[in-house]
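First comes the structure, then the notes that go with it.
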There are 2 protein chains.
Amino acid sequence: MARFPADPRRPLTLRDVSEASGVSEMTVSRVLRNRGDVSEATRVKVLEAARTLGYVPNKIAGALASQRVNLVGVIIPSLSNLVFPEVLSGISAELEDTGLQPVVGVTNYRPDKEEAVLYEMLSWRPSGVIIAGLEHTEAARAMLENAGVPVVEIMDVDGEGVDSVVGISHRRAGRHMAEAIVAAGYRKIGFLGTKMPEDHRARKRFEGFSEGLAEAGLAVSDTEFYSGGSALLKGREMTQAILARNPDLDFLYYSNDMIGAGGLLWCLENGYDVPERLGLAGFNGVDLLEGLPRRLATMDACRREIGRKAAEIIAGRPHGGMIGGEVIELEPVLQLGDTIRRR
Amino acid sequence: MARFPADPRRPLTLRDVSEASGVSEMTVSRVLRNRGDVSEATRVKVLEAARTLGYVPNKIAGALASQRVNLVGVIIPSLSNLVFPEVLSGISAELEDTGLQPVVGVTNYRPDKEEAVLYEMLSWRPSGVIIAGLEHTEAARAMLENAGVPVVEIMDVDGEGVDSVVGISHRRAGRHMAEAIVAAGYRKIGFLGTKMPEDHRARKRFEGFSEGLAEAGLAVSDTEFYSGGSALLKGREMTQAILARNPDLDFLYYSNDMIGAGGLLWCLENGYDVPERLGLAGFNGVDLLEGLPRRLATMDACRREIGRKAAEIIAGRPHGGMIGGEVIELEPVLQLGDTIRRR
DNA sequence: CCCGTTACCGTTATCGCTAACATAGCGCTT
DNA sequence: AAGCGCTATGTTAGCGATAACGGTAACGGG
């Protein structure tokens with residue numbers, strides 16, 4: 001892999017390839033991008049030269065000249081939540097052969113971090129932005145509006161979006177779960193969730209859940225919140241705590257499957273009769289649940305599908321075409337599992 | 001948020017800000033990058049103008065002009081493995097206030113995908129590359145060597161690196177586990193793992209494990225492999241299968257904690273005396289294990305620490321300074337938990 | 001033999017920003 | 001008053017690619 005140019009440490013440019021193959025830079029550029037007419041002979045010559053030199057195109061220069069960037073910014077709160085990697089996988093799959101590529105930014109559920117990440121992303125002039133949630137700082141919202149590229153807000157449809165929106169209604173999801181629980185005859189219901197004030201979706205589920213209970217003349221009897229740590233362990237601890245405080249609860253609704261799984265394990269170990277004496281339910285439908293001793297009731301949050309649809313919208317917009325934003329609401333499916341009694 | 005320029009849809013540039021604030025583009029650039037001396041008065045003026053216009057700098061142009069890119073490419077096999085998000089979190093934490101920013105690429109354990117992702121990343125001329133594993137295609141290796149930026153290969157030290165290497169020896173990890181198991185008096189040992197031929201680290205653990213047993217005059221009595229699906233569930237199924245085939249096994253070594261956890265749950269449900277009659281161990285030390293009925297024996301793979309150290313190396317290299325690569329080997333810690341008997 | 005077509009390839013002018021150098025104004029020294 | 005050293009700002013010349021257009025060779029029909 002010898003280097004012809006004078007300074008062996010200078011990074012390679014189109015010119016190096018052009019000199020090595022005896023054609024103009026423009027022709028090399030055409031070959032490398034498969035664009036325009038190039039004779040088979042020179043095409044082979046150029047590719048050969050590029051390969052032996054080990055040339056890697058400089059997309060920075062390319063993007064500046066063409067005003068085109070094949071990146072899609074994806075902004076999510078966390079990677080350790082398991083839900084978001086699944087959304088990502090849906091996005092990647094859909095983007096696979098569109099020439100577009102996702103770039104991920106993580107906010108840790110902090111609005112200021114989200115704003116910073118968004119700013120950073122937009123400074124690379126991506127072809128589109130996919131961002132979790134509908135709640136943003138004022139500045140972030142302004143940036144999204146003025147970005148001049150398609151924006152898709154995902155996960156949640158309960159609120160006003162900037163452009164397109166793909167998600168589920170967490171409020172209705174909570175309400176549906178409440179209805180199912182009431183229908184199954186449970187009456188003294190506890191709620192266990194995260195303490196994070198910025199987890200708007202969990203909050204909306206809780207609100208919808210409360211409303212659903214209210215319609216049946218019920219209310220949440222007790223709540224327990226946590227933050228940080230191993231979710232499975234927290235689920236155990238919280239379950240123990242809430243049941244110690246309130247032994248006559250007959251249902252526990254967890255804001256996610258992980259703490260729900262922890263609660264389930266704890267209940268089984270401590271001899272609770274699930275689902276007769278005590279019902280349990282989580283949220284998300286993570287496939288981890290399949291390996292549990294009993295299948296926890298949950299609701300599938302359509303994570304992969306949300307990713308797919310969002311990517312589809314970005315990929316479908318013909319280069320900045322500002323068509324009106326669409327709102328796609330998916331229907332989460334209730335899975336009763338083995339922890340809600342059936343009759 | 002009014003727009004002064006003629007065409008209201010034209011993206012903003014430095015010139016717009018410069019005209020709005022009455023100074024040269026260069027001065028605006030200086031203000032926005034906090035570089036060079038600018039009087040407080042003009043600084044305020046410029047920031048004000050930039051803010052009201054909603055200007056977002058164009059890093060593409062900036063990078064081209066300055067030959068500097070604040071991105072670090074991070075290439076990992078998967079996001080659903082839980083291990084890699086943790087590595088990522090270590091990287092992000094360390095990069096937090098260096099001005100550098102990680103950009104993630106996922107290979108799905110496919111060498112050809114890895115090569116493609118690497119090519120794509122290098123075409124953006126990042127300041128460094130962090131890549132999982134030591135095994136790459138020939139072309140990928142050549143790209144890494146000629147990239148002209150620091151490269152850190154992570155997770156594994158059993159092999160030859162391109163530049164710097166941060167990880168643990170999976171071979172020795174397997175061997176240590178074997179020694180601990182033998183020392184605890186187990187003799188008929190089964191191994192359960194992934195089928196993936198490209199999971200070199202799991203393979204190396206298995207090899208080291210076999211060597212460790214061999215030194216005590218033992219061998220792996222039976223093996224069971226899987227691919228895809230819910231790891232927890234697979235752990236159950238494999239455990240059932242291997243024990244049905246080979247009821248006198250007295251120890252099961254799992255290649256990761258998830259299938260180990262599934263196995264543990266299955267064993268407990270089916271009345272196995274763990275750890276007396278049957279010992280179990282996994283690998284990784286994921287904190288999910290804390291919520292299990294019993295603490296699975298495992299070895300911490302130092303995931304966060306690996307991320308930190310790798311990022312530290314990238315951040316510490318003064319802009320392309322090609323100092324010789326360092327090799328940092330971390331020591332995984334054996335945690336006996338409750339599933340290896342102690343005497 | 002001329003001219004229009006087609007197929008291929010080169011030239012020129014940016015893209016938006018920053019490195020490096022140039023310059024202007026100021027206070028102070030000697 | 002000239003000269004010096006600052007500080008604050010402007011000017012110039014690219015960075016490495018691509019868009020848009022221009023040019024040329026080869027060919028064929030009239």
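Sequence lines set the chain letters: A, B, ... in the order given, protein chains first and strands last, and positions in each chain run from 1.
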Please report the distance, rounded to the nearest Å, between [atom1] in [X] and [atom2] in [N].
X: A/Asp37; N: C/dT5; atom1: CG; atom2: P; answer: 17 Å
X: A/Arg15; N: D/dT18; atom1: CZ; atom2: P; answer: 14 Å
X: B/Arg35; N: D/dT9; atom1: CZ; atom2: C1'; answer: 17 Å

Original post:
Quick one: does A/Arg125 reach the base of C/dG16 with a side-chain donor-acceptor pair under 3.5 Å?
Top reply: no
Original post:
Quick one: does B/Asn58's side chain have a donor or acceptor within less than 3.5 Å of a partner on B/Ala61's backbone?
Top reply: yes
Subject >> First encountered from the 5' end of DNA chain C, between A/Val38 and B/Asn58 >> reply: A/Val38
**OP:** Give a yes/no answer on whether the side chain of A/Thr27 brings an N or O atom under 4.0 Å of OP1 or OP2 in C/dC8.
**Re:** no
Original post:
Is there a side-chain polar atom (N or O) of A/Ser24 under 4.0 Å from OP1 or OP2 of C/dG10?
Top reply: yes
Which nucleotide in the list [options] gets nearest to the side chain of [X]?
X: B/Arg68; options: C/dA19, D/dA19, C/dG16; result: C/dA19
X: B/Glu25; options: D/dG16, C/dA20, C/dC17; result: C/dC17
X: A/Ser29; options: D/dG10, D/dT18, D/dA17; result: D/dT18
X: A/Ser39; options: C/dA19, D/dT18, C/dC9; result: C/dC9
X: A/Ala65; options: C/dA20, C/dG10, D/dT18; result: D/dT18

